[in-house]
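Worksheet for the structure shown next.
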Amino acid sequence: MRTSKSSHQHAQRVLLLLTLCIVGCQSAPTLPPEDRVADFAAIKAKAATIDITTNRIPLVGQRGQSLEIAVHENTPANHDRLIVFIHGVFSDSRMWRYLCWDLAGDYDVMAVDLLGCGDSDRPDPSDLGPGGYSPDALGKDVLFALRQRMANQPKHITLVGHSLGAMTILNMWADESIRHEFADVLDRVDSLVLLAPPDITSNCRTRTFEEIDAMDDLRMTFADVLGILKRRVTLATITGVADPSLATREEAQRVIEILRQRSTRHAGQAMLRQAIPHSKERVQEIVSGYANVRAPCLIIWGAQDDIFPTSMGYKLADRLPNAQLRIVNSAMHGLATERPGICVNLLRDFLSGRHAAAPRITILDVAPSPPHEQAISTISSPTK
């Protein structure tokens, strides 16, 4: 019996290896560099005049450990408004590169690498304990860093978050303890921009997230060595945009790097597991706490979002006291890297106050455009 079981396990391993080899032999599609995409190249050209520096903020006063998070800022920074960008899971500050380049000439910008991501320290989840990579813990890190960086700078602050980053922002007000501990920072935040934040009352565990969460180090090594990782990420990059011509080599490579590195992959897996509280009572507390988010809030959603449906956007717009919802027809989940020009235009209108006269919920169509810009036209403005 023991010999039979051992032989069966060996056969399974051989079959798995052969399967991986066969799949790995398939080459990944070729993606164009971002300079070949007119809209991206036009925005990127502005980077020549922008000096971005990286500062590392010690978190010992927040985490009780010798950990640092990285923030990327434009210099000299002398505007009266700071826009702070917070990325989502399995991501880093590079997802905001187009928006930062475009906005840095008119605003102070700060793109944060959450703990475990990018240029920040990447502690193993077991070293942080339960909840170490939760939205509450990550939000406290950001607020603590802002307190250090903005101590003597009386600037207005706009927080911009994508997916888990947007959820992290909402929790800053929804959690009473965070709201009180960092009241001095939150009082300076006068506007929020949320790109496709998940609804924590719904099932946010998509098949893609489940698959990545279950990926152990050995399987990932096989996938990387045999080319499966590159192929899968490349295909996901293509299918993750409404217009395949907007899928770029740089974006695929960014995701490959994050999944390939053990430290960033483990941090992302921990973020997934800790994103939604297990207690229904705790979930209800957070949702009830959304009533405290009284600053003007712009919610942006891709109508073809393949991760979270637009119904979540409508529901969140109803829950927040002062929110407007903009749904971009030809866009999916990665709005900032798929439709950066649209996001920049919406953000500028929002900060200028021009959004105030617009309907609370608007669906935007990305119209055919000239080479260096994407036009926006309103096709409907449903009311609720």
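Side-chain atoms are counted along with the backbone in the values below, which use heavy atoms only and exclude waters and symmetry mates.
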Does [Y] offer a backbone N or O that forms a donor-acceptor pair with the side chain of [X] under 3.5 Å?
X    : Y    : result
W173 : R294 : no
D365 : V328 : no
T310 : G313 : no
R63  : G132 : yes
E68  : D121 : no

Nearest 0.5 Å, please: how far is [atom2] in [Y] from [atom1] in [X]?
X    : Y    : atom1 : atom2 : result
I69  : N55  : CD1   : CG    : 11.0 Å
C343 : H162 : SG    : NE2   : 9.0 Å
I200 : N171 : CD1   : CG    : 6.5 Å
C297 : L316 : SG    : CG    : 6.5 Å
Q253 : I258 : CD    : CD1   : 10.5 Å
K280 : T201 : NZ    : OG1   : 11.5 Å

(message) Would S134 and D136 count as a side chain to side chain donor-acceptor pair (under 3.5 Å) here? Give the steps.
(response) CA-CA 5 Å; S134 67; D136 286 356; 5.3 Å; no

N-O pairing of [X] and [Y] below 4.0 Å:
X    : Y    : value
E251 : R254 : yes
D175 : K140 : no
R326 : D349 : no
D119 : R56  : no
R94  : E257 : yes
R149 : E73  : yes

For [X] versus [Y], what's the shortest heavy-atom pair and its separation?
X    : Y    : result
I300 : L335 : O-CD1, 3.5 Å
I50  : W101 : CG1-O, 4.2 Å
A41  : D35  : CB-O, 3.6 Å
P123 : Y133 : O-OH, 2.6 Å
A267 : G116 : CB-O, 3.6 Å
A104 : H79  : O-CE1, 3.9 Å

Flag the pair [X] / [Y] as yes when at least one side-chain heavy-atom distance between them is below 4.5 Å, and no otherwise.
X    : Y    : result
R348 : L103 : yes
R179 : E176 : yes
L114 : S120 : no
V71  : D113 : no
F144 : L59  : yes
P277 : E285 : no
R231 : P29  : yes
Y107 : L347 : no

With clusters defined by side-chain heavy atoms of hydrophobic residues (ILVMFWY) lying less than 4.5 Å apart, directly or transitively, does [Y] cluster with [X]?
X    : Y    : result
I169 : V283 : yes
L170 : V185 : yes
M332 : F90  : no
L259 : L31  : no
V160 : I52  : no

(message) Does V189 form a side-chain contact (heavy atoms from CB on, under 4.5 Å) with M172? I'd like the steps, not just the answer.
(response) CA-CA 11 Å; V189 177; M172 293 175 182; over 6 Å; no

In terms of side-chain heavy atoms, does [X] have a donor or acceptor partner in [Y] at a distance below 3.5 Å?
X    : Y    : value
S263 : Q261 : no
H87  : D92  : no
R36  : T248 : no
S245 : D243 : yes

(message) Working note: F350 + Q324, criterion side-chain contact (heavy atoms from CB on, under 4.5 Å); need CA distance, chi angles, decisive distance, verdict.
(response) CA-CA 10 Å; F350 178 61; Q324 290 194 336; 5.6 Å; no

(message) Would you say that more than 12 heavy atoms from the other residues, nucleotides or ligands in this model lie under 6.0 Å from the NE2 of H180, or not?
(response)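 Counting neighbours around NE2 of H180, more than 12 heavy atoms of other residues, nucleotides or ligands fall under 6.0 Å, so yes.
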
(request) Return yes when atom NE2 of H266 has more than 12 non-hydrogen atoms of other residues, nucleotides or ligands closer than 6.0 Å, and no otherwise. (result)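 Enclosed.
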
(message) Tell me whether the rings of Y98 and F40 are parallel (<30°), tilted (30 to 60°) or perpendicular (>60°).
(response)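 Answer is parallel, since the angle falls under 30°.
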
(request) Check the pair L146 / L82 against side-chain contact (heavy atoms from CB on, under 4.5 Å), numbers first and verdict last. (result) CA-CA 10 Å; L146 280 174; L82 169 67; 3.9 Å; yes

(message) Tell me which one of D224, D217, D216 satisfies salt bridge (charged side-chain N to carboxylate O under 4.0 Å, His left out) with R262.
(response)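 When salt bridge (charged side-chain N to carboxylate O under 4.0 Å, His left out) is applied between R262 and each of D224, D217, D216, only D217 qualifies.
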
(message) Against R339, only a single residue in L364, L246, V241 fulfils side chain to side chain contact (heavy atoms under 4.5 Å, CB included); can you say which?
(response)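 Checked L364, L246, V241 against R339; only one passes side chain to side chain contact (heavy atoms under 4.5 Å, CB included): L246.
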
(message) Here's a test for you: under side chain to side chain contact (heavy atoms under 4.5 Å, CB included), which of V112, L195, V109 qualifies with F85?
(response)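 Exactly one pass, corresponding to V109.
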
(request) Decide yes or no on side-chain contact (heavy atoms from CB on, under 4.5 Å) for R97 and H72, but give the supporting numbers first. (result) CA-CA 10 Å; R97 59 193 181 278; H72 308 273; over 6 Å; no

